[in-house]
*Asks:* 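Before anything else, here's the structure in question.
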Amino acid sequence: MSNDDRADVRSQTHGALAVASRLRLLDALRAADDPLDVRELAAACGLHVTTARFHLDVLTDAGLVTSRAVQSGTRGRPRRLYLPASRAVAGGQTGYELLSGILAARWAGDSEQRARRAEQAGWDWAGHQEPGPAVPAATLAEAAVHVNALFAELGFEPDLVRDGDSLEIRLHACPFRAVAIKHPDVVCSMHRGLLRRALADVDAPPAAVSLQPFVQPHLCLARITPVTAPSPGRQIPPSTGSGGKP
């Protein structure tokens, strides 16, 4: 295989893993004891059957998933079962998930200290994203649109809805779900810091923010609520090189 061919294969593999729904399908296959069909996978991942079938085709073309037809004993199309091409590392985790989990588990301090440092890390993380137009948000709704777009770019599959005076961003996929389940104080606090920095970057009107992890197996809620004065909640001191005040 030539270098160009190898590059094409790597590009196809990386592209297949760039969509959170495909990662969820792959995670479900790696966690299952037996091969699954498209309906079982769609139900497990909260996807329409047609959508799940499309993503499975992409994963198959990239060499990450294999399938086989099984005759059900009745007339009609054979049932197609899917299974992962590789179980990756122990527990079905990818190398990144395993490394992230090890680092999160060894983040010293009690839960409050870990959450505080993780929130600061999330603040800094947002500062490393590609800057958009420096246009202040006149309303909290405009600011929420900016935040929603950022979470979309990062693979959270968000949708933005209004709930009374508050705005709610429903995160349907977490790119770090496997680590967040075991270490929510680190991962979810980091996402809260990301949310706060995204609001600060557009000079959003004063608001209180919260993030509720896993209100459903594949759903987290980020909530933005207007306040009449700057929120008295916990402040995040800027770290060296963070690029702005929290």
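Fair warning: this is a prediction, and the values are worked out from it, not measured in the lab. Hydrogens, waters and symmetry mates are skipped; everything else that's a heavy atom, side chains included, is used.
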*Asks:* Can you name the closest pair of heavy atoms from Leu36 and Ala28 and give their distance?
*Replies:* CD1-O, 4.2 Å
*Asks:* Going by side-chain contact (heavy atoms from CB on, under 4.5 Å), name the residues that satisfy it together with Ala143, two or more places apart in sequence or in a different chain.
*Replies:* Ala137, Leu199, Val202, Ala204
*Asks:* Could you tell me whether the side chain of Arg22 reaches within less than 4.5 Å of the side chain of Phe54, counting heavy atoms only?
*Replies:* yes
*Asks:* Can you tell me which residue among Val58, Asp57, Leu29 is in a side chain to side chain contact (heavy atoms under 4.5 Å, CB included) with Val65?
*Replies:* Leu29
*Asks:* Which value, rounded to the nearest 0.5 Å, describes the distance between His55 atom NE2 and Leu23 atom CG?
*Replies:* 10.5 Å
*Asks:* Salt bridge (charged side-chain N to carboxylate O under 4.0 Å, His left out) with Asp203: which residues, sequence neighbours excluded?
*Replies:* none
*Asks:* Please examine the side chains of Ser21 and Leu47, heavy atoms only from C-beta on, and report whether any two atoms are closer than 4.5 Å.
*Replies:* yes
*Asks:* Rounded at 0.5 Å granularity, tell me how far CG in Leu41 sits from CG in Leu81.
*Replies:* 9.5 Å
*Asks:* List the atom of Val147, the atom of Ala198, and the distance in Å for their closest heavy-atom pair.
*Replies:* CG2-CB, 3.8 Å
*Asks:* Arg192 and Leu211: which non-hydrogen atoms are nearest, and at how many Å?
*Replies:* N-CD1, 4.2 Å
*Asks:* Assigning hydrophobic clusters by single linkage (Ile, Leu, Val, Met, Phe, Trp, Tyr; side-chain heavy-atom cutoff under 4.5 Å), is Val187 placed with Leu219?
*Replies:* no
*Asks:* Tell me every residue that passes salt bridge (charged side-chain N to carboxylate O under 4.0 Å, His left out) with Arg223, counting only those two or more places apart in sequence or in another chain.
*Replies:* Asp163, Glu168
*Asks:* Which residues pass the salt bridge (charged side-chain N to carboxylate O under 4.0 Å, His left out) test with Glu40, not counting sequence neighbours?
*Replies:* Arg79
*Asks:* Supply the atom-to-atom distance Phe151 CZ to Cys174 SG, rounded to the nearest 0.5 angstrom.
*Replies:* 9.5 Å
*Asks:* Please list, chain by chain and in numerical order, all residues satisfying side chain to side chain donor-acceptor pair (under 3.5 Å) with Ser67, sequence neighbours excluded.
*Replies:* Arg80
*Asks:* Could you check if a side-chain atom of Leu194 sits within less than 4.5 angstrom of a side-chain atom of Leu150, using non-hydrogen atoms only?
*Replies:* yes
*Asks:* At what distance, to the nearest 0.5 angstrom, does CG of Leu221 lie from CD1 of Ile169?
*Replies:* 10.5 Å
*Asks:* CG of Leu25 to CZ of Arg30: how many Å apart, nearest 0.5 Å?
*Replies:* 12.0 Å
*Asks:* With sequence neighbours excluded, what pairs up with Ala42 under the side-chain contact (heavy atoms from CB on, under 4.5 Å) test?
*Replies:* Val49, Ala52
*Asks:* Test of understanding: with side-chain contact (heavy atoms from CB on, under 4.5 Å), list the residues that count as partners of Phe214, not counting sequence neighbours.
*Replies:* Arg177, Ala180, Ile181, Cys220
*Asks:* By side chain to side chain donor-acceptor pair (under 3.5 Å), which residues pair with Thr66, not counting sequence neighbours?
*Replies:* none
*Asks:* Look up atom OG in Ser189 and atom NE2 in His183, then write down how far apart they are to the nearest 0.5 Å.
*Replies:* 13.0 Å
*Asks:* Among all residues two or more places apart in sequence or in another chain, which pass the salt bridge (charged side-chain N to carboxylate O under 4.0 Å, His left out) test with Glu157?
*Replies:* Arg24
*Asks:* Taking side chain to side chain donor-acceptor pair (under 3.5 Å) as the definition, give me every residue that meets it alongside His191, ordered by chain and number, with sequence neighbours left out.
*Replies:* none
*Asks:* Would Leu160 end up clustered with Ile224 when hydrophobic side chains under 4.5 Å apart are linked, directly or stepwise?
*Replies:* yes
*Asks:* Could Asp201 and Arg197 be called an ion pair, given the rule that one side-chain N must be under 4.0 Å from one carboxylate O?
*Replies:* yes
*Asks:* Do you know the tightest heavy-atom contact between Leu167 and Ala144?
*Replies:* CD1-CB, 3.9 Å
*Asks:* On a heavy-atom basis, which atom in Thr225 and which in Leu140 lie closest, and how many Å separate them?
*Replies:* C-CD2, 4.1 Å
*Asks:* Looking only at heavy atoms, what is the nearest atom pair of Ala118 and Val186, with distance?
*Replies:* CB-O, 3.1 Å
*Asks:* Quick one: list whatever passes side chain to side chain donor-acceptor pair (under 3.5 Å) with Asn148, sequence neighbours left out.
*Replies:* none
